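Here is the structure we will look at, set down as structure tokens.
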There are 2 protein chains.
Amino acid sequence: MNEDGPVAAVRAIHEVFMRTDAAITGPLAEMGLTTATAQALWALDPDDEPPSMKTVATRLHCNAPNLSFVADQLAARGLVERVPDPRDRRSRALVLTAKGEQVRSQVMRTVVEHSPLSALEPDDIAALLSILDKVVAVTPRGSAPTS
Amino acid sequence: MNEDGPVAAVRAIHEVFMRTDAAITGPLAEMGLTTATAQALWALDPDDEPPSMKTVATRLHCNAPNLSFVADQLAARGLVERVPDPRDRRSRALVLTAKGEQVRSQVMRTVVEHSPLSALEPDDIAALLSILDKVVAVTPRGSAPTS
DNA sequence: GGGAGATACTTCGAGACTCGAACGACTGGG
DNA sequence: CCCAGTCGTTCGAGTCTCGAAGTATCTCCC
């Protein structure tokens, strides 16, 4: 290899992400979603406690106004609802609707299907995952859904 | 693991990318660059033949008008020059200036430094790279610089 | 040679995403 | 009660991205 390892690794991650993004833009548009809305939808795990806006914003590495904007679009499509938190009435939890839950799993299916990662063997997927988990473990952020 | 392998892998790639992006936005801004301009700069390998606009657009998975826009900004900062191709006068090659070459290596250094991947051991970097190379090899796109 | 069609790039206008600043609502501690 | 801090929203601006249209040039085939 004629390249610095870390540099190549950063580049490779970037490339895989860009390819995935390019490949899913079309299919997502057919469901009335964009990359931003799909990301937010993905971040809402129906099996977990509905997270507050702030929690989701942290997960998505974006700020509060941005998440408000994205949540508006999801709500307008009937995919999420803002539920006031009785424990803290400043806070609102983002809850998936039935339709939202269904669209979310459709999104995950579509994204995985179009991702170049799906060309890998299960062994490679497992190895990849084990390495990336180390990375994510080091700098914990608003921990994200796992399913 | 309570999660489908490919789903988790796609998510992990996404998470690493988002963290990297969030971490480098500040440092890049200090150099007068944005994510978009830094990506374009990264895609120009000074050791290779200067690529045409179209070639770079393909590398970046964006379209011609977008690259025109980004190239304008790089040119305005004195980092690249548009050099007419004598073989095809429709085409213009993007050539790094001396300053551009210097800023490019500074960008790569900064990005790697701030990437969560830099927390990995060299062995893990190598393993990661070997897996991701398989992915990229399957669906070749405008092949990118390697250094 | 000459014309038709394709290609490379640019410009223009619109849309989507992101952010900082400012605001109202609420909480918790003095 | 008061005050500082937090959560969410709205507003305005900036950036990125794209499709449509236009110009210049190339290629191919008659």
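From a predicted model like this one, the values you see are computed outputs, not experimental measurements. Side chains are part of it too, since the values below use all heavy atoms of this structure and drop only hydrogens, waters and symmetry mates.
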Considering only [options], which nucleotide approaches the side chain of [X] most closely?
| X | options | result |
| --- | --- | --- |
| A:M53 | C:dT10, C:dC17, D:dT9 | D:dT9 |
| B:C62 | C:dC9, D:dC18, D:dC7 | D:dC18 |
| A:V70 | D:dT9, C:dC26, C:dT18 | C:dT18 |
| B:N66 | C:dT18, C:dA8, D:dC18 | D:dC18 |
| B:F69 | C:dC17, C:dC9, D:dC16 | D:dC16 |

Discussion item. Should the side chain of A:R90 and the base of C:dT27 be counted as holding a donor-acceptor pair, with the cut-off at 3.5 Å?
Written reply: no

Worksheet item: Mapping A:D72 and A:M18 onto DNA chain D by nearest heavy atom, which one lands closer to the 5' end?
Response: A:D72

Is [X] near enough to [N] that one of its side-chain N or O atoms lies under 4.0 angstrom from OP1 or OP2?
| X | N | answer |
| --- | --- | --- |
| B:S68 | C:dT10 | yes |
| B:N63 | D:dG19 | yes |
| A:R89 | C:dT27 | yes |

Item to complete: Select base, sugar-phosphate, or nothing to describe what B:T34 touches, counting heavy atoms under 4.0 Å on all strands.
Response: sugar-phosphate

Worksheet item: Base, sugar-phosphate alone, or nothing: which one does B:S52 contact when heavy atoms must sit under 4.0 Å apart?
Response: sugar-phosphate

Worksheet item: Going only through I, L, V, M, F, W and Y residues with side-chain contacts under 4.5 Å, is there a path from B:V16 to B:V136?
Response: yes

